**Q** 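Before we start, here is the structure in question, set down as structure tokens.
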Amino acid sequence: MAKPKISEKRWSVDLEKRIQEEHYSDDSLYNNRYGFNPGSGKEVFVIDTPPPYPSGTWHIGAVAQYSMIDVIARSQRLLGKEVFFPWGVDRNGINIEFTVEKNTKRKMKSYDRAEFLQLCKDTIEEYTVAMRNTARRVGLSCDFAKEYLTDAPNYRSVTQAIFVDLFRRGEIVEDLRPNIYDPVEGTTIADAEVERLNRMTKLVDVKWYTESGAEVIISTTRPELICACGVVVVHPEDDRYRHLVGQKIVLPVEVENREATVEIRTHPSVKSEFGSGVLMVCSFGDQNDVAVFRELGLSPFQAIDLDGCMTSIAGPYSGLKVNDARAKVIADLEAMGAILQIVEKEQEVPVSERGKNPVEIILLKEWYVRQTHIQGRMREHIDDIEFHPPRNRQFLLDWMENISIDWPISRRRWYHTEIPIWYSEDNSRVIVPPPGTYVQPWKDVPPLGSRVLDRETRDDLGSWEDMQEDLGVIIGEEKVFDTWMDSSNSNLFVSGYINQMDTFEKAFPTGLRPQGKEIVRTWLYYTLLKSVLLFDKPGFKHVWIDGLGMDPWGRKMSKSLGNGIDADSVLECGAGGRTGSWRVKGPEKSVQLKANKIGSECFRLWKACDAQVGDDFHINPEEIEAKYFGVLTKIFNVARFASQFDAPNDLETLPSDLEVADRWVLSEFAGVLSAVKNAWESIDIFTAARAIKNFGTDVLPSHWLEMAKTRLYDGDLNAAWVIHRIVRDLLTIFSPICPFFCHHLSDTLYGTSAVDVDEYPISSIDDDSEAERLRSLTSTLCEFNSGTWRAKKEAGLSLKAEISGVKIPSEITEFEGALKAMHHLQ
RNA sequence: GGGCUCGUGGUCUAGCGGUUAUGACGUCGCCCUUACAAGGCGAAUAUCACCAGUUCAAAUCUGGUCGGGCCCA
């Protein structure tokens, strides 16, 4: 073999790391390659990447997903688009507050607010750095120079401007409504943040007496809420209690500032077979209570305050924490002989997703985004969005079916975007900041340019500077936004809304929203809601919804199952000769998984080839290596083989006197080029990856290369032209999946990098009926080759031995010369 | 408890009314063959989760069951 231009014997993780380091070290080169330049004149394609939340570890499934978003970004660049692939980090929210509380063993509300915010910021910064490193290690081509942080003023000011805009339009309202409230964390939460846990609770059968003295047993798990009881109900068909309906019944505990009796009424929601079949309805024990109160037109009692303590109506129990009050009520009732029995029972308790604290429903004045009136219009716009895969549109539509109340967006937390509003002394007017400014009303006065609005009508009454005198002592809002209020304008932010309106004109609706299916109901839904409320447009052209990364047996990875696999360990597997080893708990026993070399290129290739978008995928490092590292080696070897023959200077002009074998392989490749182009255009990574893999590891090396080998060794310039033209273009179309691999080979061989190509390669031959005819011979050719190899093996001949009596099928007699040379046919 | 979704050899995957059910990896056997044992040839491995139904014909359509997953209550 002549000396190949590619000196490395094989592809390795160390080589990969070296190329990556070069790639990321030169900022200006990097920026030229991947920076977003909206003035380039190319079609703008903005990707609304999911800003990851830095929490210490980045889930390997999410990293795999993110690498596929990178494949999309790179493939769109290759198609000639001006791609903005932003790098954002989501840093708002309760998670980091919890982390700080845990680290310092102090509750948030015991801190000075400003001091606590600084602690959060410092803590999250450490995690953010680790995340950036993983992002580079997996080869992301984000515009890191334009990194955005959702807790930075430029991001938060967009959220605030949108709030003011929607408030002026009447799409954001404030209202006193029953709210799901986490008394431990001291904040309102949304439906979406509630989950159910099974816990043991005491089901208490309490004796109540009607005014006429009849005993009625009522079962309850919440005896402390008897003070908030508004009505006692039975099922309308329940004959046992028919005679009691309409009577008054006495509350079995002492109360204050309210009547001590309630009426017995009927309601169809009562389950007669549960307990005694009599239900006390409190404001508000659960969602059903809320519904009953509304339906029966009762006015609610506030039994629990913002600190999770009983209010004054609880009489002797006022001031006690809910749990303490419950224990005391039970003890007192027992002492009075008012308890028939107590049963320990497993019950589903609604808890907050983050804090796992039992939630309460209490009346609070909160901010809401109106959403029920706009569902129909949203559906129309959603029809215009292309979903990948199409079936995942259903996740969104199903969620929308369930929407019945407005979206509560205010929270009583700190490390979030502040609600940008101040109230006049008489509460009739509000002050809002001008768009583009970030404000913190809990500590600042309104900035210059703020406007004064009527709180009810939202009429603009004048400027804050002019009206200051009339407003009295103003009060800044202390509440903050739900984090989804921030996240749901990520597409507007990255598309340039407010900050670069000229770019925004070209970039909205945003080109692509890639995300996991688990946050369809939140991130995707709320984003689309805002697009419709603000612009009456669909938010995106494409939505790409991927499945989740599972353990090797298809189960969710979790700390408690002990089946997690760390992303960095897979990406670093093989570096410096170190192998990877993972101890993973399987369904029956622990399993030791081992791999020698993986790295980012192999990892990306695996995800691209192995998992259809939208399906959950199993992550097993052993398989990733076994199935895909060989593919890299094969293509590497093809390129290395080609590199021993000089590349012609002109790879554009097709030589006129090509042999039929050359025209055949160019025809095959023309088919690959167009199939892959179609796939990249329709954001179909899987099809593109498979087509490239099949051609690059099978058709090209095993069949054409063997036919052309003799000619290549003999210095045939046509064959050299064909192999180099194909290798160059193959590396180009493969570069979105394995960018560093393709960069290295193309740069070494041709002095230009595959990752810099911004024009999709065109076929060197006309893809016409002649090409189609040649392609139709492919399977006959491949079968003939396999058959000949088999015949030699069966005859005990070496492959280079001469063989006679092999008959070339009549369809491919035009390949006779090439086949004779390849197989040494006589 | 409800909704949605997925269920094809050990693993991944094609197919989407008529195929001897595709391909890849892995496994096993044989072969060092001048880019490549990271290769070549061959073999075994699938009642297409299960049960009913529609049809001349079902992996494919319908209903149900079970299992994984997501979401909700």
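Convention: sequence-line order gives letters A, B, ...; per-chain numbering from 1. Keep in mind the model is a prediction, meaning the values are calculated, not measured.
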**Q** In terms of side-chain heavy atoms of A:D610, which of B:C4, B:C70, B:C12 is nearest?
**A**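 Of the candidates, B:C12 comes closest.
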
**Q** In whole angstrom, give the distance that lies between atom CD1 of A:I545 and atom C1' of B:C6.
**A**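 Result: 15 Å.
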
**Q** Let me know the distance between NE2 of A:H59 and C1' of B:C70, rounded to the nearest Å.
**A**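 About 14 Å, once rounded to whole Å.
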
**Q** Would you please confirm or rule out a distance under 4.0 Å between OP1 or OP2 of B:U11 and any side-chain N or O of A:H618?
**A**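 Result: no.
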
**Q** Tell me what A:E625 touches on the nucleic acid: a base, only sugar-phosphate, or nothing, going by heavy atoms under 4.0 Å.
**A**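 The residue A:E625 makes no contact with any strand.
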
**Q** Using atom CG of A:D398 as one end and atom P of B:A73 as the other, report the distance to the nearest whole Å.
**A**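 Spelled out: CG on A:D398 to P on B:A73 is 14 Å.
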
**Q** With nearest nucleotides of RNA chain B determined for A:K517 and A:G787 from heavy-atom distances, which residue corresponds to the more 5′ nucleotide?
**A**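 Its nucleotide being nearer the 5' end, the pick is A:G787.
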
**Q** Send over the distance from A:D616 CG to B:C4 P, rounded to a whole Å.
**A**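 Going from CG in A:D616 over to P in B:C4 covers 18 Å.
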
**Q** Checking side-chain polar atoms at under 3.5 Å, does A:Y628 have a donor or acceptor matched by the opposite partner on A:D610?
**A**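 There is such a pair (donor and acceptor under 3.5 Å, judged by atom type) between the side chains of A:Y628 and A:D610.
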
**Q** Between B:G40, B:C71, B:U5, spot the one nearest the side chain of A:F395, thanks.
**A**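 That would be B:U5.
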
**Q** Output the single nucleotide from B:C41, B:U13, B:C12 whose closest atom is nearest the side chain of A:F686.
**A**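 The nucleotide sitting nearest to the side chain is B:U13.
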
**Q** Under 4.0 Å, counting only non-hydrogen atoms across every strand here, what does A:P701 touch: a base, just sugar-phosphate, or nothing?
**A**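 Base contact - A:P701 has a heavy atom under 4.0 Å of at least one base atom.
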
**Q** Less than 3.5 Å between a donor and an acceptor, one on the side chain of A:Q394 and one on the base of B:C6, is that the case here?
**A**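 In this structure, the two groups form no donor-acceptor pair.
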
**Q** Return all side-chain donor-acceptor pairs below 3.5 angstrom for residues 688-696 of chain A, not counting sequence neighbours, or 'none' if the list is empty.
**A**
{"residue": "A:R690", "atom": "NE", "partner": "A:C609", "partner atom": "O", "Å": "3.2"}
{"residue": "A:R690", "atom": "NH2", "partner": "A:C609", "partner atom": "O", "Å": "3.0"}

**Q** Is a side-chain N or O of A:S786 found less than 3.5 angstrom from the main chain of A:E783, in a donor-acceptor match?
**A**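 No: the side chain of A:S786 does not pair with the backbone of A:E783.
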
**Q** Hey, which of these two, A:C609 or A:L548, hits RNA chain B nearer its 5' end, going by closest nucleotide?
**A**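 Of the two residues, A:C609 wins.
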
**Q** With side chains defined as the heavy atoms from C-beta onward, is the minimum distance between A:S702 and A:N785 less than 4.5 Å?
**A**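 Of all side-chain heavy-atom pairs linking A:N785 with A:S702, none is under 4.5 Å.
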
**Q** In whole Å, what is the span from the CG atom of A:D698 to the C1' atom of B:C41?
**A**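 Checked: the CG to C1' distance equals 14 Å.
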
**Q** Would you tabulate the nitrogen or oxygen pairs shorter than 3.5 Å linking the protein to nucleotides 19-28 of chain B?
**A**
{"residue": "B:A24", "atom": "O2'", "partner": "A:K693", "partner atom": "NZ", "Å": "3.2"}

**Q** For atom P, what is the distance between B:A59 and B:U65, given to the nearest Å?
**A**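 Rounded to whole Å, the distance is 22 Å.
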
**Q** Over all heavy atoms of both residues, which pair between A:H724 and A:L749 is shortest? Give the atoms and the distance, please.
**A**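 Looking at all heavy atoms of both residues, the shortest contact is CE1-CD2, 4.2 Å.
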
**Q** If you only use heavy atoms from C-beta on, which nucleotide in B:C41, B:C36, B:G40 is closest to the side chain of A:E706?
**A**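 Closest of the options to the side chain of A:E706: B:C36.
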
**Q** Extract the stems that RNA chain B is part of, considering only consecutive pairing runs of at least three Watson-Crick or G-U wobble pairs, both distances under 3.5 Å.
**A**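 When the pairs of RNA chain B are grouped into runs of at least three, the stems are B:1-7 with B:66-72, B:10-12 with B:23-25, B:27-31 with B:39-43, B:49-53 with B:61-65.
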
**Q** B:C36, B:C12, B:G69: which one has an atom nearest the side-chain heavy atoms of A:K634?
**A**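 Of B:C36, B:C12, B:G69, B:C36 is nearest to the side chain of A:K634.
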
